[in-house]
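Worksheet for the structure shown next.
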Amino acid sequence: MTDIPSNLDELRERIDRLDADILRLISERAECAQQVAEIKTQVDPDAVFYRPEREAQVLRRIMALNKGPLDSEEMARLFREIMSACLALERPIKVAYLGPEGTFTQQAALKHFGDSAVSLPMAAIDEVFREVEAGAANYGVVPVENSTEGVVNHTLDSFMDSSMCICGEVVLRIHHHLLISSTTRKEKVSRIYSHPQSFAQCRKWLDSHYPHAERVPVASNAEAAKLVKTEWHSAAIAGDMAAKLYDLEKIAEKIEDRPDNSTRFLIIGNQQVPMSGEDKTSIVVAMRNQPGALHDLLEPFHRHQIDLTRLETRPSRTGVWNYVFFIDFKGHCEDPVVEAVLEEVRLRSAELKVLGSYPVGVL
Ligand SMILES: O=C(O)C(=O)C[C@]1(C(=O)O)C=C[C@@H](O)C=C1
């Protein structure tokens with residue numbers, strides 16, 4: 001590295017020069033993205049501009065190249081925003097998410113697509129699916145599992161009736177805060193609003209700090225934050241986005257019982273994503289109703305040493321006491337080993353649907 005001056009004025013001059021260089025380089029990068037868009041449109045008039053596999057590769061490369069002093073995740077977040085702006089220049093994209101505004105799902109959507117994506121709040125998970133199916137949004141973001149509370153059944157069920165596929169995943173650390181408005185009397189909090197999952201994730205903390213407060217479940221954390229604005233004796237449990245959106249004060253931060261509390265979200269769309277080098281595949285399998293069927297189904301994964309990352313059971317909608325399995329595993333469906341496993345599983349099951357292969361969440 002070149003010598004860094006120690007005097008404040010000189011340092012600021014140096015920062016100004018570096019900023020001018022960064023500006024020039026970002027603009028040059030944006031011009032490249034515009035040319036990429038031109039080539040994509042020449043090759044295919046219905047080209048898809050958002051390329052999840054390429055974005056994952058760019059972010060992984062930046063993280064591997066980074067030598068500090070900024071943390072690799074921090075650096076990747078900066079590049080996430082640069083790519084988001086470049087993509088918006090190529091073709092702005094619309095992303096439907098489980099709303100209202102201020103939910104963790106919106107936070108996940110912005111984490112994955114960056115601030116330049118247009119995000120559209122939907123009232124329910126199946127509306128997110130419908131919005132993307134109808135073409136009103138390019139992609140959708142829905143929660144699928146929480147490390148404390150388990151699976152989001154609505155999301156799995158929606159896949160059974162939909163032709164949508166999975167184009168990506170994003171994992172968000174969930175931090176809950178106890179929030180009040182400027183009119184709330186802190187010492188008089190007798191009612192707390194939140195989403196049932198958030199109550200469950202903060203149960204122990206609430207039992208020891210607010211054992212007598214009434215816990216009122218509402219449809220979302222953002223809804224809880226909104227209600228608190230008008231009540232002097234109420235508080236809400238919600239995240240940073242809702243706190244900022246409704247201008248609420250945090251009287252207790254990170255009150256979740258488990259410090260590793262996180263939620264995984266899926267990106268849905270209608271595009272098959274090529275290999276990125278580190279991928280996952282999600283399938284749904286209907287099983288024949290016979291002894292040992294589940295063992296038979298999983299055996300090929302074991303034999304080919306494919307890592308299962310999740311196995312979830314849901315009742316099938318087509319027959320009483322029939323079940324379907326949602327299986328996630330490491331690998332891409334275009335990989336010959338995975339192809340062979342899927343063929344074997346297909347023969348052993350009543351029905352198999354590949355929901356998608358997609359890059360393992362980078363950020
Ligand atoms: O490589 C591409 O296909 C691009 O469009 C460029 C770019 C980027 O900025 O790096 C932008 C959007 C895509 O989602 C992926 C990458």
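All of these numbers come straight from a predicted model, not from anything done at the bench. For ligands, and for the atoms within them, numbers begin at 1 and follow the listed sequence.
- Close contacts between ligand 1 and Cys86 involve ligand atoms 9 (O) [criterion: under 4.0 Å to a heavy atom].
- One side chain, Ser162 or Glu133, offers a donor N or O that lies under 3.5 Å from an acceptor on the other.
- There is no path of hydrophobic side-chain contacts, each under 4.5 Å, that joins Val189 to Val228.
- The nearest heavy-atom contact from the protein to atom 16 (C) of ligand 1 is Arg54 CG, 3.8 Å.
- For the pair Asp307 (side chain) and Lys330 (backbone), a donor-acceptor distance under 3.5 Å is absent.
- Residue contacts with ligand 1, taken as heavy atom pairs separated by less than 4.0 Å, involve Arg51 via backbone and side-chain atoms alike.
- Using cut-offs of 30° and 60° on the angle between ring planes, the pair Tyr50 and Tyr139 is perpendicular.
- Looking from atom 4 (C) of ligand 1 to the surrounding protein, the closest heavy atom is Glu90 OE2, 3.3 Å.
- When all heavy atoms are compared, the tightest approach of Phe49 to Lys40 is O-NZ, 2.9 Å.
- Nearest to atom 10 (O) of ligand 1 by heavy atom, out of Arg91, Arg29, Gln34, is Arg29.
- When only interatomic distances are considered, the shortest N/O to N/O separation between Tyr50 and ligand 1 does not fall below 3.5 Å.
- Between His176 and Phe104, the ring centre distance stays below 6.0 Å.
- From the protein, the heavy atom lying nearest to atom 15 (C) of ligand 1 is Glu55 CG, 3.6 Å.
- Each of the following atoms of ligand 1 lies closer than 4.0 Å to a heavy atom of Val36: 2 (C), 3 (O), 4 (C), 5 (O).
- Closest to atom 3 (O) of ligand 1, if we only count protein heavy atoms, is Lys40 NZ, 2.7 Å.
- Note that CD of Glu256 and OG of Ser262 are 10.5 Å apart. Values are rounded to the nearest 0.5 Å.
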